[in-house]
Visitor: 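One structure follows; several queries about it will come next.
Residue numbers start from 1 in every chain, and the chains themselves are labelled A, B, ... in the order their sequence lines are given, proteins ahead of strands.
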Protein chains: 2
Amino acid sequence: MSFELSLNTGTTPNLTLAEAVRHTAEAGLGHIGVWRHLVADAGGAEAAARIVSAAGLTVSTLCRGGFLTASDPAGQAAALESNRAAIREAAALGTSELIMVVGGLPAAAHVLGGAGDREDRGLDAARERVADRIAELVPYAAEHGVRLVLEPLHPMYAADRAVLSTLGQALDLAAPHPAETVGVVVDTFHVWWDPQLRGQIARAGAEGRLASYQVCDFNLPIAADALKSRGMMGDGYIDFGPVSAWVAEAGYRGPVEVEIFNEEVNTQDAALTLATMRERYAELVLPALHAAVPV
Amino acid sequence: MSFELSLNTGTTPNLTLAEAVRHTAEAGLGHIGVWRHLVADAGGAEAAARIVSAAGLTVSTLCRGGFLTASDPAGQAAALESNRAAIREAAALGTSELIMVVGGLPAAAHVLGGAGDREDRGLDAARERVADRIAELVPYAAEHGVRLVLEPLHPMYAADRAVLSTLGQALDLAAPHPAETVGVVVDTFHVWWDPQLRGQIARAGAEGRLASYQVCDFNLPIAADALKSRGMMGDGYIDFGPVSAWVAEAGYRGPVEVEIFNEEVNTQDAALTLATMRERYAELVLPALHAAVPV
């Protein structure tokens, strides 16, 4: 089966892993995208893997590794150690896809509650450090059969979350490494505005790097917590037809995750969220995916 | 003289044109970037031109034309008429540079208080309509010696303000038209994150289309009114050195406008704003501009 729907646990942040797995299975879905803190809360990757497989589900992605922009040796060592742990967790959970949010400017770390150097505004330098850390992680990921899935984030997060801002930039960053070890994810919220999107999705497919497709809408106004501007498909401004067609034309057939950080969606009954997800996916996303598949 | 500082009146929104002109001249600046509503309030373009020239200033840009994405004939006709008026005003004010904010998705017009069609989410179609309207305006702009200066806006505004999101896209849109009639503006807030920025600024220079350089910072958190996330240089996350050097290397020598929409900056004493602008410009922007000029 192609294009099977998957719940990313970021959409139901108040559920434990066991609860999210139960809701996912009850809604008839076969896949779940899991955030690491739920794995830790469940007692680690082995315990989490048992919870998922007991319900007959598979893990579509592990979210997330990354945060690779530290400019100090201690910060860089800590980032590598954390990412090696994430790689081991992904392998234990039976997923090859580890989503990577690469991190923002060190200067912006105080926005996130960290101890960033307020003067460290060098964007190109931060991007070079990401490339260096990826290169250091690639052998370890390959040993574990895990792919580092680079996620370009919307440019509104370039300062504080991810200096990786476009799909083309992600593919350039991936280029020195094997496709089975460094891939990319297309998340509609982050890339829908990009005038080069069609070509870069095709390139991702041609290079064998299209590792995940995540859907949610772009809502306005931007939420007070800008991360929570993501919306249920159909509630915002994204036209899911073209981008979904491009993803399918590029050869992607894997699970499609719904990952929504949104105050209303995140606090409502999870069964309602799952039901709405299924309905909107069937209405707004799946037809374009199917239409683009050669018969 | 090169790289002379200019006050964009968006930075001092509570001043009339006469007041903004007085503050600008008192601060020792020679240029002012003017918003159209101030021109109207001053009694029209001829009256506004007298106010500006009496103080010994020149108009660096007129802000703004644009909003070209309407999908209905009436909306398109209204947009053309409004832009023709803006072209005449720019000519009367003695500036060749009319900044163009091209408009967002018609579906987002309700966010701005308009009567948008909630279903009109087609991004590529909106971009095609912008290209069509620009082509229709070019002869009229050329007759008046005015250049349509396309402004790529930060992708966070792609839905509601400008489907033109990158400098490369702006240059592609300009390409069919003469460089003296369709140009581009580099506004640091909007483009600082773009991995292709260096190359596209060089391209803008080589094509003779680099019509204006506007500086302000990118602040976090994003303001409740997202338009007001712009900050005084040095208060946010932009490293002004590299981008300023690229602009100078591309051959730009014109006025540099400071355009800041920011609740605190906009409501403080205008003389303080002008003084801070001058100081931060001299410290953070001008050295890189000068360093990049061949001696």
Visitor: Answer yes if the side chains of B:Glu136 and B:Gln76 hold a donor-acceptor pair under 3.5 Å, and no otherwise.
Guide: no
Visitor: Of the backbone (N, CA, C, O) and the side chain (C-beta and beyond), which part of A:Leu164 lies under 4.5 Å from a heavy atom of chain B, both, or neither?
Guide: neither
Visitor: Are there residues of residues 239-248 of chain B that reach to under 4.5 Å of chain A by heavy atoms, and which ones?
Guide: B:Asp239, B:Trp246
Visitor: Under 4.5 Å, counting heavy-atom pairs only, tell me which of A:Ala158, A:Gly104, A:Pro195 racks up the most with chain B.
Guide: A:Pro195
Visitor: With a 4.0 Å cut-off, would you call B:Asp217 and B:Arg280 a salt bridge?
Guide: no
Visitor: Hey, does B:Glu264 have a side-chain heavy atom less than 4.5 Å from the side chain of B:Met232?
Guide: no
Visitor: Return yes if some donor-acceptor pair links the side-chain N/O of A:Thr188 with the main-chain N/O of A:Cys216 below 3.5 Å, else return no.
Guide: yes
Visitor: Counting only non-hydrogen atoms closer than 4.5 Å, does B:Arg127 touch chain A with its backbone (N, CA, C, O), its side chain (CB onward), both, or neither?
Guide: side chain
Visitor: Side chain, backbone, both or neither: which part of A:Asp124 has a non-hydrogen atom closer than 4.5 Å to chain B?
Guide: side chain
Visitor: What I'd like to find out is whether the side chain of B:Arg209 reaches to under 4.5 Å of the side chain of B:Val182, using heavy atoms alone.
Guide: yes
Visitor: Between A:Val163 and A:Val130, is any pair of side-chain heavy atoms under 4.5 Å apart?
Guide: yes
Visitor: If I compare all heavy atoms of B:Val285 with all of B:Val215, which pair ends up nearest, and what's the gap?
Guide: CG1-CG1, 4.3 Å
Visitor: On the 0 to 90° scale, with breaks at 30° and 60°, tag the A:Phe218-A:Trp192 ring pair as parallel, tilted or perpendicular.
Guide: tilted
